[in-house]
Amino acid sequence: MSAKSRTPLVAGNWKMNGSKAFIRGLLDDVQSELQPLALERCSVLVFPSYAYLYAVADQLRGSSIGVGAQDVDERPEGAVTGGVSAGMVRDLGCGFAIVGHSERRTLFGESDSTVAEKYDRCCEQNLTTIVCVGETLEEREAGQTLEVVHRQLKAVTDRVGVDFAGSMVAYEPVWAIGTGRSATPDQAEEVQASLRACLAEVDAGLAEATSILYGGSVTAENAQSLFEMNNIDGALVGGASLKADNFAKICEVAERVKR
Ligand code: PEP
């Protein structure tokens with residue numbers, strides 16, 4: 001398997017944005033922007049807030065756009081006020097989940113082992129999972145980038161080994177998220193190649209088959225130079241996913257460049 005045989009993927013992380021009306025309009029616009037593109041290679045996912053997950057999953061039933069949760073609780077069920085389980089996400093008709101986003105790690109103090117537990121809950125519910133990893137600016141400047149992202153990824157892969165197959169990794173440098181300062185293609189490629197090497201320590205076939213996304217200030221303008229890199233299989237997009245035309249353009253670039 002080569003880079004060309006991994007399915008390119010563009011995922012929109014809508015975070016805690018929008019209202020009922022905004023989300024309905026955004027989804028309508030994303031659907032109508034994507035329709036004429038007739039994407040054949042590029043998969044597209046959206047990750048709305050829990051509050052709108054059911055409505056979005058309902059609207060997307062039968063569509064080729066997948067929908068998922070931005071997080072799941074690490075416990076399967078029970079007395080967890082405010083918690084949402086992987087089983088609930090599955091029950092709503094979603095097939096995907098993100099775990100380990102840097103905002104969860106920073107704002108909610110989620111450790112590597114919590115992220116690994118969340119990953120396990122997703123697997124139990126057959127949710128295809130995107131595991132996010134990424135270093136802070138301080139860690140990058142201290143030369144710790146690879147050590148940090150390997151540690152974050154291994155927290156999951158050391159537990160599950162080759163059963164990681166089918167999951168995805170998103171490399172999201174914390175300093176690039178929401179800042180307008182994307183990693184350069186070379187910076188992202190260096191880290192993503194080393195994440196793939198880390199997966200190869202588990203299994204060579206797993207490493208070749210696993211999609212590794214880049215996230216951090218991806219726009220319609222910088223998508224092409226990022227997607228031209230061998231180890232960048234797609235993008236996890238925050239801010240630019242809230243504008244349907246920008247998001248669709250990023251999908252169109254992935255479809256074209258990743259042929
Ligand atoms: C994100 O939060 O996953 C993200 C990549 O955000 P942005 O594209 O806004 O940097």
Side-chain angles (χ1 to χ4, degrees), residues 8-18 22-23 26 30 42-50 52-53 56 65-72 94 96-110 115 118-119 122 127-137 139-140 145 148-149 152-153 167-185 187-189 191-192 195 211-227 229 231-254:
L9 186 140
V10 176
N13 177 8
W14 293 349
K15 308 196 188 188
M16 198 171 72
N17 289 301
F22 174 87
I23 295 291
L26 175 60
V30 167
C42 179
S43 296
V44 180
L45 305 178
V46 293
F47 290 87
S49 147
Y50 286 137
Y52 305 118
L53 207 46
V56 171
I65 304 174
V67 57
Q70 298 167 15
D71 182 47
V72 298
C94 300
F96 301 86
I98 296 171
V99 297
H101 191 281
S102 79
E103 285 151 16
R104 299 293 315 178
R105 293 179 190 264
T106 309
L107 299 173
F108 298 88
E110 292 183 3
V115 173
K118 288 170 183 257
Y119 177 85
C122 291
L127 294 173
T128 299
T129 308
I130 300 177
V131 178
C132 297
V133 300
E135 82 288 2
T136 62
L137 187 57
E139 289 163 338
R140 171 161 283 265
T145 298
V148 168
V149 298
Q152 291 171 333
L153 180 58
S167 304
M168 289 173 269
V169 181
Y171 168 54
E172 299 208 303
V174 179
W175 47 271
I177 296 179
T179 58
R181 181 187 163 196
S182 168
T184 65
Q187 282 174 322
E189 174 66 9
V191 177
Q192 300 199 193
L195 287 167
S211 287
I212 305 181
L213 313 178
Y214 168 77
S217 297
V218 175
T219 63
E221 289 70 40
N222 63 19
Q224 168 135 359
S225 58
L226 289 161
F227 293 159
M229 297 289 134
N231 286 289
I232 300 183
D233 302 309
L236 181 53
V237 187
S241 71
L242 295 170
K243 293 208 168 109
D245 52 349
N246 287 350
F247 184 65
K249 177 82 173 84
I250 296 168
C251 298
E252 180 273 314
V253 175

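Atoms within each ligand, like the ligands themselves, are counted from 1 in listed order. Model, not experiment: these values are computed from the prediction.
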Exercise: identify the closest heavy-atom pair between [X] and [Y]:
X: Gly68; Y: Cys94; result: CA-CB, 4.2 Å
X: Ala11; Y: Phe247; result: C-CE1, 3.9 Å
X: Val218; Y: Gly215; result: CG2-CA, 4.5 Å
X: Gly66; Y: Phe96; result: CA-CE1, 4.1 Å
X: Leu236; Y: Asn13; result: CD1-CB, 4.0 Å
X: Tyr50; Y: Asp71; result: OH-O, 2.5 Å

Legend entry - Heavy-atom gap Ala240 to ligand 1 smaller than 4.0 Å: no

Inset, instruction - Give a yes/no on ligand 1: does Ser182 have at least one heavy atom closer than 4.0 angstrom to it? - result: no

Inset, instruction - Specify side chain, backbone, both or neither for Ile177, according to which of its non-hydrogen atoms lie closer than 4.0 Å to ligand 1. - result: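 Under 4.0 Å from ligand 1, Ile177 contributes backbone and side-chain atoms.
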
Inset, instruction - Determine the sole option in Glu172, Glu110, Gln70 for which the side chain to side chain donor-acceptor pair (under 3.5 Å) test with His101 is passed. - result: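 It is Glu172, the one option of Glu172, Glu110, Gln70 that forms the side chain to side chain donor-acceptor pair (under 3.5 Å) with His101.
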
Inset, instruction - Could you say whether the N/O atoms of Gly178 and ligand 1 ever approach to under 3.5 Å? - result: yes

Inset, instruction - Would you check if the side chain of Arg105 reaches a backbone N or O of Cys132 as a donor-acceptor pair within less than 3.5 Å? - result: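 Yes, Arg105 side chain to Cys132 backbone: donor-acceptor pair under 3.5 Å.
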
Just need the protein heavy atom nearest to [atom], so name the residue and atom and give the distance.
atom: atom 1 (C) of ligand 1; result: His101 NE2, 3.2 Å
atom: atom 8 (O) of ligand 1; result: Gly238 N, 2.8 Å
atom: atom 2 (O) of ligand 1; result: Lys15 NZ, 2.4 Å
atom: atom 3 (O) of ligand 1; result: Glu172 OE2, 2.8 Å

Inset, instruction - Give the numbers and elements of all ligand 1 atoms closer than 4.0 Å to a heavy atom of Gly216. - result: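 Once the distances to Gly216 are compared, the set is 5 (C), 10 (O).
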
Inset, instruction - Check ligand 1 against Ala176 and write out every atom of the ligand that is under 4.0 Å from a heavy-atom position of the residue. - result: 10 (O)

Inset, instruction - Pick whichever of Ser102, Ser241, Ala11, Gly239 has a heavy atom sitting closest to atom 9 (O) of ligand 1. - result: Gly239

